Amino acid sequence: FEVSSLYQYRFKPKLKWLGVFAGLRMQSALLPGNLVLKDDTNLAIAELDGAVTPDLATAQKAYRLTDSFAPIMFKQFAGALFKPLEKSWLTVDIKLGFGANEVWVSRGLTVKDNKDTADTLELVRLQDFVEAGLELQVGLTGTAFDKILSYGLHAEVTVPFAEKTEVETDLSRAELISSAFKLTLGIKVFKWLALNYTLAVQRYPLIVDEWQVQGSLVLAVQANIVK
């Protein structure tokens, strides 16, 4: 699910395409994440302190990776906004400013399999972190059927200049860049509530240093104040 609040101020009428913004957003999963395997499988869990914990995933039984409402990502951002095109069928929204991310993972796990170990499946313990940096957001959105149907393509890139992690990272500044791309199709239930299908391609190196692809149903609650 996703809960967000966004404040925008536009310099109308001469510069209606230009303004400033500030916002908050919280994202998480309502349901727990489980791993279900066909056969009994040996697991090797890489802990944050470098230790490896052995375990066993029983065939056809759910092995818990993440709890409900985990991970939780809380984002704050502020800066300048640009809207060079505003039509019902397409709005171009560009935001550039500063952002901060706080992520709580509740000691969750993710799969990071080593293909050289056929008899073992490797998992990695996730870590909480905080980061702050320069952020660029680009959104292409539109609506149809009297705004009941919505669609969009959203991209976010965060270039961090400061971070705090449970375990010190050896990633370079360039390797710490976070990217997220989302394709969304939504049906509005109420003015403030929508059910969205989202296809996301994202990389948060302080969580998992790999590109991840995820499809999900998101219940989105949003409050906007526009001047």
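Here the structure is a predicted model, which is why all the values come from computation and not from measurement. Along the sequence shown, residues carry numbers from 1.
S28 and A70 make their closest contact through OG-N, 3.3 Å (heavy atoms, listed as atom of the first residue, atom of the second, distance). Here the closest non-hydrogen pair linking G108 and T66 is CA-CG2, 4.2 Å. Of all the heavy atoms in P205 and L171, the pair that sits closest is CB-CD1, 3.8 Å.
If you take CG on L140 and CG on L153, they are separated by 5.5 Å, rounding to the nearest 0.5 Å. In this structure, OG on S216 lies 11.5 Å from CG on L31, to the nearest 0.5 angstrom. Interatomic distance, OG1 of T169 versus CG of L206, reported as 6.0 Å (0.5 Å rounding). Rounding to the nearest 0.5 Å gives a distance of 12.0 Å between CG of L183 and OH of Y151. In this structure, I45 CD1 and L48 CG are separated by 11.5 Å, a value rounded to the nearest 0.5 Å. The CG atom of L35 sits 13.5 Å away from atom NZ of K61, with the distance rounded to the nearest 0.5 Å.
Within the 4.5 Å cutoff, the side chain of I94 has no heavy atoms near those of the K83 side chain. By the 4.5 Å heavy-atom criterion applied to side chains, V103 and I207 are counted as neighbours. Taking 4.5 Å as the limit, every side-chain heavy atom of Q127 sits out of range of all side-chain heavy atoms of R107. In this structure the side chain of L6 reaches within 4.5 angstrom of the side chain of F77, judged on heavy atoms. Between T141 and D93, the closest side-chain pair of non-hydrogen atoms is not below 4.5 Å. Taking 4.5 Å as the limit, some side-chain heavy atom of E131 sits within range of a side-chain heavy atom of S178. Put simply, the side chain of L123 reaches to within 4.5 Å of the side chain of Y63, judged on heavy atoms.
Judged by distance alone, with hydrogens and angles left aside, the side-chain atoms of N196 form no donor-acceptor pair with the main-chain N or O of T198 at under 3.5 Å. Between the side chain of S150 and the backbone N or O of T143, no donor-acceptor pair lies under 3.5 Å.
Residues M26 and F69 are members of one and the same hydrophobic cluster, defined by side-chain heavy-atom contacts under 4.5 angstrom among Ile, Leu, Val, Met, Phe, Trp and Tyr. Neither W104 nor L126 shares a network with the other; the hydrophobic side chains, linked directly or stepwise wherever heavy atoms of I, L, V, M, F, W or Y lie under 4.5 Å apart, form separate groups for each. Y204 and L65 sit in two unconnected hydrophobic clusters of ILVMFWY residues. Membership requires side-chain heavy atoms under 4.5 Å apart, directly or through other members. Both F82 and L15 are assigned to one and the same hydrophobic cluster, defined by single-linkage of ILVMFWY side chains at heavy-atom distances under 4.5 Å. Under the 4.5 Å side-chain heavy-atom criterion for grouping Ile, Leu, Val, Met, Phe, Trp and Tyr, L56 is not connected to L43 through any hydrophobic cluster.
A donor and an acceptor atom, one from each side chain of Q27 and E2, are located under 3.5 Å apart.
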Report the C-alpha separation of F74 and Q76 in whole Å, then their side-chain angles, then the decisive distance to 0.1 Å, and conclude whether the side-chain contact (heavy atoms from CB on, under 4.5 Å) test is met.
-> CA-CA 7 Å; F74 184 58; Q76 312 99 63; 3.0 Å; yes

side-chain contact (heavy atoms from CB on, under 4.5 Å) between V201 and W211, worked out | CA-CA 7 Å; V201 180; W211 286 97; 3.9 Å; yes

Give the intermediate values and the outcome of side-chain contact (heavy atoms from CB on, under 4.5 Å) for residues L81 and L18.
-> CA-CA 6 Å; L81 67 89; L18 180 64; over 6 Å; no

Are E122 and N114 close enough, and set up right, to give a side-chain hydrogen bond (donor to acceptor under 3.5 Å, both in side chains), and what steps lead you there?
-> CA-CA 6 Å; E122 286 76 21; N114 184 349; 5.1 Å; no

For L199 and V213, what are the C-alpha separation, side-chain angles and deciding distance, and is it a side-chain contact (heavy atoms from CB on, under 4.5 Å)?
-> CA-CA 7 Å; L199 177 63; V213 180; 4.2 Å; yes

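Relative to the ring axis of F21, K95 places its NZ or CZ within 45° and under 6.0 Å from the centre.
A salt bridge links R203 and D209; the closest N-O separation between the charged side-chain nitrogens and carboxylate oxygens is under 4.0 Å. Comment: R10 engages E86 in a salt bridge, judged by a side-chain N to carboxylate O separation of less than 4.0 angstrom.
Relative orientation of the W192 and F190 rings is parallel, given thresholds of 30° and 60° on the angle between their planes.
Heavy atoms from other residues, nucleotides or ligands lying under 6.0 Å from CD1 of I187 number 12 at most.
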Just list the side-chain donor-acceptor pairs under 3.5 Å for residues 154-167, sequence neighbours left out, or say none.
from, atom 1, to, atom 2, distance (Å)
H154, NE2, E156, OE2, 3.1
E156, OE1, R25, NH2, 3.1
E156, OE2, R25, NH1, 3.2
E156, OE2, R25, NH2, 2.6
T158, OG1, E135, OE1, 3.0
E163, OE1, R173, NH1, 3.1
E163, OE1, R173, NH2, 3.0
E163, OE2, R173, NH2, 2.8
T165, OG1, V167, O, 2.6
E166, OE2, D128, N, 2.6

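Under the side chain to side chain donor-acceptor pair (under 3.5 Å) criterion, the residue pairs touching residues 31-45 are N34-R64, with sequence neighbours excluded.
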